[in-house]
Amino acid sequence: ALHSLCFFLCPFSECSVKIKTLVFPIESNNSYAELVPLKPLQLKAFTLCMRVATELTGRREVIFAYRTKEVDELNVWRELDGRLSLYLRSSSEGVLFQVPELGALQTHLCVAWDSSSGAAALFMDGRRSLTKIHKKGHTINQGGKVILGQDPDNYLGSFEAKQSFVGEISDVNMWDSVLSDSTIQDLVSGKEVPRGNVFDWETTQLKITGRVEVINREM
């Protein structure tokens with residue numbers, strides 16, 4: 001949206017839009033970024049989108065983690081075999097998607113889920129996966145912490161370096177509804193769409209711990 005507006009106002013590249021990017025340079029058990037939500041994560045549906053790049057292979061790495069004091073409520077992983085997965089409420093079995101592996105080239109990634117049907121789907125650069133069913137009738141509970149870079153085995157603790165994220169993450173937005181396929185495609189292409197009402201990357205507060213670099217990159 002900002003990129004489109006910038007082009008309209010400055011069609012000959014006389015201005016640019018900067019977006020903050022989180023760089024996780026090395027494996028660690030103490031480096032992460034906490035995201036402060038705009039509203040409580042009491043969710044019966046969501047769409048979570050971000051831009052991701054990572055060169056790690058051959059091990060599991062966490063991409064997004066939301067945990068309350070009691071339990072993991074919402075996790076997104078890159079699995080050992082390269083599949084991407086969604087876990088709700090510490091499910092021993094999440095939903096896994098066989099998709100092109102994440103790599104050094106930036107990928108726009110979205111995960112969407114709806115409690116009423118249990119429908120879960122994944123989008124990569126605007127292309128939609130098949131639908132899988134997960135946790136029909138479930139509610140994601142509020143009161144926890146959202147972090148990027150680590151998988152907390154208890155409340156903001158017990159991190160393992162071998163599960164940490166290495167690479168870069170930016171443009172993290174989350175809505176408390178399932179966005180339409182066309183809206184997600186518009187988001188990828190930079191068209192104006194409603195900003196995330198759970199996380200809006202332009203305004204969401206970040207709390208950085210350890211070795212995480214915040215880079216302002218021009219779009």
J.: If we ignore hydrogens and angles and just use 3.5 Å, is the side chain of Glu168 paired with the main-chain N or O of Ala53 as donor and acceptor?
T.: no
J.: Find the distance between CE (Met174) and CG (Leu43) and round it off to the nearest 0.5 Å.
T.: 5.0 Å
J.: Quick check: do Leu84 and Val76 have side-chain heavy atoms less than 4.5 Å from each other?
T.: no
J.: Taking atom CD of Glu55 and atom CG of Leu105, what is their separation to the nearest 0.5 Å?
T.: 9.0 Å
J.: Got a second to check how far Leu86's CG is from Lys132's NZ, nearest 0.5 Å?
T.: 11.0 Å
J.: Could you tell me which non-hydrogen atom of Asp186 sits nearest to which non-hydrogen atom of Ser189, and how far apart they are?
T.: O-OG, 3.1 Å
J.: About how many Å separate CG of Leu109 and CG of Asp171, when rounded to the nearest 0.5 Å?
T.: 11.5 Å
J.: Working to the nearest 0.5 Å, report the span between CG of Leu80 and CD of Glu61.
T.: 11.0 Å
J.: Would you kindly say whether Thr21 and Arg217 are connected by a side-chain donor-acceptor distance under 3.5 Å?
T.: yes
J.: Testing Val146, Asn75, Ile169 one by one against Phe64 for a side-chain contact (heavy atoms from CB on, under 4.5 Å), which residue passes?
T.: Val146
J.: Under a 4.5 Å cut-off applied to non-hydrogen side-chain atoms, are Arg83 and Val99 in contact?
T.: no
J.: Is Leu148 linked to Ile215 within one hydrophobic cluster, defined over Ile, Leu, Val, Met, Phe, Trp and Tyr using a side-chain heavy-atom separation of less than 4.5 Å?
T.: no
J.: Are Asp125 and Arg127 close enough for a salt bridge, meaning some N to O gap below 4.0 Å?
T.: no
J.: Determine whether a donor-acceptor pair (N or O, by modelled atom type, separation under 3.5 Å) exists between the side chain of Thr204 and the backbone of Asp200.
T.: yes
J.: Answer yes if Phe199 and Val214 sit in the same cluster of Ile, Leu, Val, Met, Phe, Trp and Tyr residues linked by side chain heavy atoms under 4.5 Å apart, and no otherwise.
T.: yes
J.: Which atom pair, heavy atoms only, marks the closest approach of Glu73 to Thr68?
T.: CG-CG2, 3.6 Å
J.: Do Leu41 and Val172 belong to the same hydrophobic cluster, where Ile, Leu, Val, Met, Phe, Trp and Tyr are linked whenever their side-chain heavy atoms lie under 4.5 Å apart, directly or via other members?
T.: yes
J.: Find out if a path of hydrophobic residues (ILVMFWY) with successive side-chain heavy-atom gaps under 4.5 Å connects Val188 to Met50.
T.: no
J.: Is there a side-chain contact between Leu102 and Met124 in this structure, where contact means two heavy atoms from C-beta onward sitting under 4.5 Å apart?
T.: yes
J.: Write down the atom of Thr131, the atom of Ala119, and the distance for their closest heavy-atom approach.
T.: CG2-CB, 3.7 Å
J.: Is there a side chain to side chain contact (heavy atoms under 4.5 Å, CB included) between Ile184 and Val193? Walk through the geometry before answering.
T.: CA-CA 9 Å; Ile184 290 176; Val193 301; over 6 Å; no
J.: Go through the steps to decide whether Gln185 and Ser180 satisfy the test side chain to side chain contact (heavy atoms under 4.5 Å, CB included), and finish with yes or no.
T.: CA-CA 9 Å; Gln185 290 160 4; Ser180 68; over 6 Å; no
J.: With distance as the sole test, does Thr47 use its side chain to make a donor-acceptor pair with the main-chain N or O of Ser177 at under 3.5 Å?
T.: yes
J.: So, using side chain to side chain donor-acceptor pair (under 3.5 Å) as the criterion, who are the partners of Gln42 when residues are at least two apart?
T.: none
J.: Are Glu160 and Arg59 ion-paired here, with the side-chain N under 4.0 Å from a carboxylate O?
T.: no
J.: Could you work out, with side chain to side chain donor-acceptor pair (under 3.5 Å) as the rule, every residue matching Asn29, not counting sequence neighbours?
T.: none
J.: Please say yes or no: joined through hydrophobic side-chain contacts below 4.5 Å, possibly via intermediate residues, are Phe123 and Leu187 part of one cluster?
T.: yes
J.: Tell me if a side-chain donor or acceptor on Trp113 pairs with a main-chain N or O of His134 at a distance below 3.5 Å.
T.: yes
J.: Would you find a donor on one side and an acceptor on the other, under 3.5 Å apart, between the side chain of Trp201 and the backbone of Lys20?
T.: yes
J.: Work out which heavy atom in Arg78 is nearest to a heavy atom in Thr57; give both atom names and the distance.
T.: NH2-CA, 3.3 Å
J.: Do you know which two heavy atoms are closest between Ile147 and Pro152, and how far apart they sit?
T.: CD1-CD, 3.8 Å
J.: Would you say Tyr66's side chain and Ile140's backbone share a donor-acceptor pair under 3.5 angstrom?
T.: no
J.: Hey, could you give me the CG/NZ distance between Asp151 and Lys162, rounded to the nearest 0.5 Å?
T.: 15.5 Å
J.: Taking Asp72's backbone N and O only, do any of them form a donor-acceptor pair with Arg89's side chain (distance below 3.5 Å, no angle check)?
T.: no
J.: For the pair Ser129 (side chain) and Leu122 (backbone), establish whether a donor and an acceptor sit closer than 3.5 Å, ignoring hydrogens and angles.
T.: yes
J.: Below 4.5 Å, heavy atoms only, C-beta onward: do Tyr87 and Trp77 meet side chain to side chain?
T.: yes
J.: Hey, is the main chain of Leu56 close enough, under 3.5 Å, to the side chain of Thr54 for a donor-acceptor pair?
T.: yes
J.: Minimum heavy-atom separation for Val62 to Gly149, with atom names?
T.: CG1-C, 4.0 Å
J.: Report the residues that fulfil side-chain contact (heavy atoms from CB on, under 4.5 Å) with Thr209, sequence neighbours left out, ordered by chain and then residue number.
T.: Tyr32
J.: My understanding is that a hydrophobic cluster links ILVMFWY residues whose side chain heavy atoms are under 4.5 Å apart, including indirect links. Using that, what else belongs to the cluster containing Ile26?
T.: none
J.: Are any non-hydrogen side-chain atoms of Ser116 and Lys44 less than 4.5 angstrom apart?
T.: no
J.: Please check if the side chain of Ser31 supplies one atom and the backbone of Ser28 the other of a donor-acceptor pair under 3.5 Å.
T.: no
J.: If only side-chain N and O atoms count, and only distance matters, is there a donor-acceptor pair under 3.5 Å linking Gln150 with Ser164?
T.: no
J.: Is there any disulfide bond (SG atoms under 2.5 Å apart) pair reaching into residues 30-81, and which pairs are they, with sequence neighbours excluded?
T.: Cys49-Cys110
J.: How would you list, by chain and number, every residue that makes a ring-ring contact (aromatic ring centres under 6.0 Å, His included) with Phe24, sequence neighbours excluded?
T.: Phe165
